[in-house]
Amino acid sequence: MTADDSYGRLDDDDYPAFTMGRAAEMLGTTQGFLRAIGEARLITPLRSAGGHRRYSRYQLRIAARARELVDQGTPIEAACRIIALEDQLEEAQRINAEYRRAADAAHPAIAA
């Protein structure tokens, strides 16, 4: 990957642009917290060629939500489960909305 390719990926939410240290600093947390949510399989950071963890902006948003729950007193395992369930619910709602749009397009008289 050339430098030009890398610059083009900076807007990509899934591009693993942040080191563990930088991610922890941005979130105001510890590297141990990031390891813990990784061990709980909430997020799986990619690894650099040297084996170092790299995080994407999407993963940092998930980690920030976990930190928010933990800061409110939720155990880390429960926080990870809550976030996974929130994600599943969001996906189910998105799929239901697609089905509704398809049904409305197929039967416009019923939708009215």
Check: Does CD belonging to E90 count more than 12 external heavy atoms closer than 6.0 Å?
Finding: no
Margin query: Determine whether a donor-acceptor pair (N or O, by modelled atom type, separation under 3.5 Å) exists between the side chain of R22 and the backbone of A17.
Written below: no
Margin query: With rounding to the nearest 0.5 angstrom, report the CG to CZ distance, D14 to R57.
Written below: 9.5 Å
Note to self: How long is the straight-line distance from CZ of R53 back to CZ of R35, given to the nearest 0.5 Å?
What the structure shows: 5.5 Å
Margin query: Quick check on the hydrophobic clustering: are L46 and Y15 connected, directly or via other members, by side-chain heavy-atom contacts under 4.5 Å?
Written below: no
Check: Taking everything shown except R94 itself, do over 12 heavy atoms lie less than 6.0 Å from its CZ?
Finding: yes
Margin query: Has S48 got a side-chain atom pairing as donor or acceptor with H52's backbone, closer than 3.5 angstrom?
Written below: yes
Check: Could you walk me through whether E91 and I95 pass the side chain to side chain contact (heavy atoms under 4.5 Å, CB included) check?
Finding: CA-CA 6 Å; E91 178 67 7; I95 291 168; 3.7 Å; yes
Check: Can you tell me how far the OG1 atom of T44 sits from the CD1 atom of I37, to the nearest 0.5 Å?
Finding: 10.0 Å
Notebook entry, point to check: From I82 CD1 over to L42 CG, what is the distance, rounded to the nearest 0.5 angstrom?
Noted result: 11.0 Å
Item checked: Nearest heavy-atom neighbours spanning L34 and L27 -> CD2-CD1, 3.9 Å
Next item on the list: Kindly compute the distance separating CZ (R65) from CG (L60), expressed to the nearest 0.5 Å.
Entry: 16.0 Å
Note to self: If I compare all heavy atoms of A40 with all of C80, which pair ends up nearest, and what's the gap?
What the structure shows: CB-SG, 3.7 Å
Note to self: Please find the pair of heavy atoms, one from Y55 and one from A23, that lie closest to each other, and give the distance.
What the structure shows: CD1-CB, 3.9 Å
Check: In Å and rounded to the nearest 0.5 Å, what is the CD to OG1 distance from E25 to T19?
Finding: 8.5 Å
Margin query: Please find the pair of heavy atoms, one from T30 and one from F33, that lie closest to each other, and give the distance.
Written below: OG1-N, 3.0 Å
Next item on the list: Could you walk me through whether R101 and D104 pass side chain to side chain contact (heavy atoms under 4.5 Å, CB included), step by step?
Entry: CA-CA 5 Å; R101 281 192 296 276; D104 290 348; 5.7 Å; no
Note to self: Any side-chain to backbone donor/acceptor pair from T74 onto L69? Under 3.5 Å, distance only.
What the structure shows: yes
